[in-house]
Amino acid sequence: MDFHSIHTKWQAHWNERKAFEPKAGTAPAHAAASDKFYLTAAFPYPNSPQHIGHSRTYTTTDIYARYMRMKGKNVLFPMAFHVTGTPILAMAKRIEAGDKELFEIFDKIYGIKPEITKTLTDPRALVLFFSKEIEAGMHEMGYSIDWRRKFYTFDAVFNKFIQWQFRKLHEAGLIVKGSHPVPWCPADKQPVGGHDTRGDVDPQMEEVTAVLFEAGEGFIPTITYRPETLPGVTNLWVNPDAKYVLAEMKEKDGQKSRPLYLTLEAFESLSHQLSLTKIREVPASELLGLKALHPLNHQPVPILPASFVEPGTGTGLVMSVPAHAPYDWLALRDLNKLGEIKPIQVLDTPGFGACPAGELCEKLGVKNQDDAKAEEATKQLYKLEAHEGKMKNAPYAGMNGIAAKDKIKEDLVRSHLALAIHILANAPVFCRCGAGCVVKQVENQWFINYGDETWKAKTREALGQMRILPEGLRQDYEYTIGWLQKKACTRASGLGTKFPFDEKQMIEALSDSTLYMAFYTIAHIVKKMEKERGDAAISDDFYDFVFLGKEPAGEKRMKKTAEWDEARREFLYWYPLDSRHSAHDLVHNHLTFFVFNHTAVFAQPQTEAGEPRPSSTFWPRQTVSNGFVTMEGKKMSKSMGNILPLRKAIGEYGTDVIRFVVTSSAELEADSDFNQAAAEGVISRLNLLESYLEREMAGKPPSSRSRISRWFYSRFHARLREAGAQYETFQLRPLAKALLYDTINDLQWYARRESGGGLQLREFFEFWTLAVAPFMPHVAEEFWQRMGEGRKYAKPSPLAFSAPFPSADSAQIDPRLEMGEQYVQAILEDVRHILQLIKKDKPQSLTFIVHAGWKKKVRRLVAEKKNIRAVMDEAKKDPELAVLQPQVAQLAGKLIKNIGSITGETLEAQEELDVLQDSKEFLASEFGGANIEVLVEGKAPAELAAKAANALPGKPSIVIA
RNA sequence: GCAGGGGUAGCAAAGCCUGGUCAAAUGCGCAGGGCUUAGGACCCUGUGGCCUAGCGCCUUCAUGGGUUCGAAUCCCAUCCCCUGCACCA
């Protein structure tokens, strides 16, 4: 089958009919007008072309959209582009800077030549280029998208919508201002995310404690992960080769200030989160001469040199707890001071004595503080003491390391004996510009307050009414709602919408994508208004009216136009959103924010034409999250170079094949795998089906139905019966397996078994074509057309995409037929097994002896009574069994041993006979023309009597000669 | 650390909720055979071990223990792996 020609052909047919541009309030003939279905997928971010991984969410959504359409729903599936934030700017900048790596990725992976790449230095040009590319790919994938509603998040009318949304949040008291720490590039004066760093490292912030020791002219802040060990401090460490400074630190709360000793590096990086002014430089030797006072008991502790102290980490000064920190103990040993300075035990841990650090170092044979094993010892001991260590002294006595740590930290910070500071846990991290990243305390930061308890409660309520697929993710949502606090919603730069309460700030990308599903419903109308009258035609009044049903009021109110009512109708028709789709990584942020924002904006009930609509009418109904796509079993990554661009894949394999493989090679929540073998497997199966279809259309199928054809249809309709529920719950993998793989296996079995005349596949193809149409819409149209007019089984429809989804013909489902076929298959296997054992290739004859009917009765009794005596009691009452008591007892004894294996139903003896009689010809052909005989136990010749006695229900005795 | 998910035959992956028909679907791979000028595609058979008559036996579903007439499935413990923990799309 030539996929490329069928794609373009059928896509043209759909476009011609404007098949995916639904009208609000109207619907296809076979549906009620109110029977709408509105679904959206997370819109793409056009800073590079899309690859095959991106297609999974969209294809899943499209399959659902197409299925719902066939179920008679009026379906809306819109699409837009998300261009908010910094990545697009960063990309344009990298191109402008001639970033070699980037040019190469574009060239090698995506086939974008450097001449083209270099024209993309303007962010808008970049967005336009990639969004066109992505949109083209989506067309080629056959997605049933209503493109009239397309927009970009930097469009003026959308900006107005977002500002309107933020004013709603503000009115509800959910926008707050404050400060917070962020990873920061001091050169760019910008927060840095993972994609802003060299090697795409995610900067990881971590809170640590800097304990303040009074010394010299001020304080020595020592950084520690383990403040609970503070009572065990015996000395402080200074790196003798580092440069130190004395700096004035202004306290956050009051006017008070304190001088601190720090390394120069620490001074520079910490001045982004503390208010620091340098007083003078201090040589390490000066510090080494000082005595520090322990903050808890004011006893002096010496300051000693140690090489393990990193000048760039924290403050460049650390406290020494030789009893519990292997590095400290080792450094003391290196200085030969262990005699003079005695470790002080703070935590008691089973298996250790008074100096766990020393004991562990000796056990592991750590040589000195520069030995790599010191790190291992530290990790081991920390883990152990955190859980099993018990604090020895009041007021923390008895607490384990973890509990004590948090408590002491809190106590110390509160009493100004320590500072809580943030560091980058995975330092050093470098910005793309080359500067080392630091932590910055950003002032005047705006937040959306997801920590608001009333809001959380409402969001939980909304979640409770939603369907979550896969259902297991519900607890992830609940957990996320629980821990979400204030979320920074602005940045100093980026594309998108200006923050309405501080126009120098831009709304960041996760905050302007929470309500746009509502915007889609009216996007085409708003765009028309903008085109005719400019964006001034759009205002808060307009959005208030459309989304909240509020009539414009006050001095500066806008005049309503006919479009307002049209937009309002459109919104009311499509909302609520019936299904929201994304990959599962967005559950923890986007999808949860999305629910939150709906409950905040749609907080009040509305009334429309006298009809009350509670606020929950507008809340989302369902989310569907899918896993990612791997490539030949491996994660796709730029560095591995194994990214398969979508359009390249389409060229190689064809749309429907990709649609099928990407969505059906794994359960919804698992990562699916795209691999060549699977894709080719699908292609060859489609070709096989095509050849069957051709034969069917060319030949004259027999008029009466054979046993095996009835078997085939029984199986097929049983599968078809499940298909609807599987589409609705996204069990695409089992569905795909049933519809393609299992069905083809059945088809082949049917063909092999039908040793007589031809096959009857007309009914099969009509139903099958429609059943797979959501997955493979182009193949479906092609098959549908090739079947021509005069369809005999499915309801008529000019094109497959708009046909009603077929329902199974339950009357054709017959479990006894399927049991009969299983019986034949089991016999085939048994005969083969025996032939193999006796090393015989071609039997002369095969004799099958079906059990005498009474055995079936015994089997049933055994399954029911599960006890020989009870079986025998029953048997005595049965005239047929009463005369056979010894045989019954023997059989019952045999059966009871394997009680578990006889729970299933088996054929009646007569049915076994019928099946065997009917299959004689087939069995003969399977075994090289052997003579086939079918007998009944009791009527078999005397010389076979012993064999015949072995016959059981479902297991005839087999005699091979 | 906290939260969630997972470990099944050469590989991938179903089964586990609702214990027995599970030596365990299916796909790939591999082996043999058919078809074919050849290759591919397609079809058939096999793919833990034993067995010259199957419907049987033995050992298997991370490891160890338990519940049960019966465990891949239920319970407990242990080991290992993956993902997320934000202000970023």
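Proteins get letters first, then strands, A, B, ... in listed order; numbering begins at 1 in each.
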Check: protein-nucleotides 82-86 of chain B nitrogen or oxygen pairs below 3.5 Å:
none

Distances for protein N or O near nucleotides 50-61 of chain B N or O, under 3.5 Å:
unit_1	atom_1	unit_2	atom_2	d
B:C51	N4	A:His833	NE2	3.4
B:U52	O4'	A:Leu837	O	2.8
B:A53	N6	A:Ile960	O	2.8
B:A53	N1	A:Ile960	N	2.9
B:G54	O2'	A:Asp830	OD1	3.4
B:G54	N1	A:Pro956	O	3.2
B:G54	N2	A:Asp830	OD2	3.1
B:G54	N2	A:Pro956	O	3.2

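Below 30°, between 30° and 60°, or above 60°: for A:Tyr479 and A:Trp483 the angle between ring planes is above 60°, a perpendicular geometry. The aromatic rings of A:Phe81 and A:Tyr152 sit parallel, their planes meeting at an angle under 30°, below the 60° perpendicular limit.
As a whole-Å value, the separation of A:Leu835 CG from B:G46 C1' is 14 Å. Rounded to whole Å, the distance from CZ on A:Phe927 to C1' on B:U45 is 11 Å. Distance CZ (A:Arg474) to C1' (B:G5): 18 Å, rounded to an integer number of Å. One interatomic measurement links the two molecules: NZ of A:Lys842 to C1' of B:U45, which rounds to 15 Å at whole-angstrom precision. Going from atom CD of A:Glu632 over to atom P of B:G29 covers 12 Å, rounded to whole Å. Atom CG of A:Leu735 and atom P of B:A25 are 21 Å apart (whole Å).
The side chain to side chain contact (heavy atoms under 4.5 Å, CB included) search around A:Leu102 returns A:Met91, A:Arg94, A:Ile95, A:Asp99, A:Phe106, not counting sequence neighbours. Considering only residues two or more places apart in sequence or on other chains, A:Asn449 meets the side-chain hydrogen bond (donor to acceptor under 3.5 Å, both in side chains) condition with none of them. In this structure A:Asp830 satisfies the side chain to side chain contact (heavy atoms under 4.5 Å, CB included) test together with A:Lys955, A:Ile958, sequence neighbours excluded. Among residues two or more places apart in sequence or in another chain, the side-chain hydrogen bond (donor to acceptor under 3.5 Å, both in side chains) test is passed with A:Gln204 by none. Take A:Glu690 and apply the side chain to side chain contact (heavy atoms under 4.5 Å, CB included) test, not counting sequence neighbours, and it matches A:Met1, A:Asn687, A:Glu694, A:Phe783, A:Arg786. The side-chain hydrogen bond (donor to acceptor under 3.5 Å, both in side chains) test applied to A:Ser511 returns A:Glu508, not counting sequence neighbours. With sequence neighbours left out, A:Ala961 forms a side chain to side chain contact (heavy atoms under 4.5 Å, CB included) with A:Ser845.
If you check B:C22 for Watson-Crick or wobble pairing at under 3.5 angstrom, you find it has no partner at all. Base pairing annotation: B:A41 forms no Watson-Crick or G-U wobble pair, as no partner gives both donor-acceptor distances under 3.5 Å. Pairing for B:C2 is with B:G84, a Watson-Crick or G-U wobble pair whose two hydrogen-bonding atom distances lie under 3.5 Å. Across all strands shown, the partner of B:C79 is B:G7, judged by Watson-Crick or G-U wobble contacts whose two distances both fall under 3.5 Å. Across the strands present, B:G46 finds its partner in B:C30; the criterion is a Watson-Crick or G-U wobble pair with both atom distances under 3.5 angstrom. A 3.5 Å limit on both hydrogen-bonding distances identifies no Watson-Crick or G-U partner for B:A71. Searching all strands for a Watson-Crick or G-U wobble partner of B:U52 with both distances below 3.5 Å returns nothing. Across all strands shown, B:U36 has no partner, as no Watson-Crick or G-U wobble contact with both distances under 3.5 Å is found.
Taking 4.0 angstrom as the limit, A:Thr86 places none of its side-chain polar atoms (N or O) nearer than this to OP1 or OP2 of B:C88.
Rounded to whole Å, the separation between the C1' atoms of B:C61 and B:G54 comes to 26 Å. Using atom C1' as the reference point in both B:C80 and B:U63, the two lie 10 Å apart (nearest Å). Taking atom P on both nucleotides, B:A24 is separated from B:G10 by 15 Å, rounded to a whole Å. The separation of B:G27 from B:C76, taken at their P atoms, amounts to 37 Å, rounded to a whole angstrom. Nucleotides B:A12 and B:C44 have their C1' atoms positioned 24 Å apart, rounded to a whole Å. B:G49 sits 25 Å from B:G7 when the P atoms are compared, rounded to a whole Å. Across the P atoms, B:U47 and B:C55 are found 14 Å apart, a figure rounded to whole Å. Taking atom P on both B:G84 and B:U59, the two are 43 Å apart, rounded to the nearest angstrom.
Close placement of the A:Tyr516 and A:Phe43 rings is indicated, their centers lying within 6.0 Å of each other. Remark: aromatic rings of A:Phe447 and A:His180 are close, center separation under 6.0 Å. For A:His54 and A:Phe628, the distance between ring centers is not under 6.0 angstrom.
Relative to the ring axis of A:Tyr741, A:Arg685 does not place its NZ or CZ within 45° and under 6.0 Å from the centre.
Comparing B:A25, B:G4, B:A89 by their closest approach to the side chain of A:Lys737 singles out B:A25.
For the pair A:Ala678 and A:Gln475, both in contact range of RNA chain B, the more 5′-proximal nearest nucleotide belongs to A:Gln475.
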>> For nucleotides 7-17 of chain B, give me one character per nucleotide, 5' to 3': B if any protein heavy atom sits under 4.0 Å from the base, S if the only such contacts are to the sugar-phosphate, - if neither.
In response: ------SS---
>> For nucleotides 38-43 of chain B, give me one character per nucleotide, 5' to 3': B if any protein heavy atom sits under 4.0 Å from the base, S if the only such contacts are to the sugar-phosphate, - if neither.
In response: ---SSS
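Of all the heavy atoms in A:His422 and A:Gln273, the pair that sits closest is O-NE2, 2.5 Å.
The backbone N or O of A:Leu759 sits nowhere less than 3.5 Å from a side-chain atom of A:Arg695 that would complete a donor-acceptor pair.
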Can you give the donor-acceptor pairs under 3.5 Å from side chains of residues 630-638 of chain A to other protein atoms, not counting sequence neighbours?
unit_1	atom_1	unit_2	atom_2	d
A:Thr630	OG1	A:Ser672	O	3.3
A:Thr630	OG1	A:Asp673	OD1	2.6
A:Glu632	OE2	A:Gln676	N	2.8
A:Ser637	OG	A:Ser639	OG	3.3
A:Ser637	OG	A:Met640	N	3.1

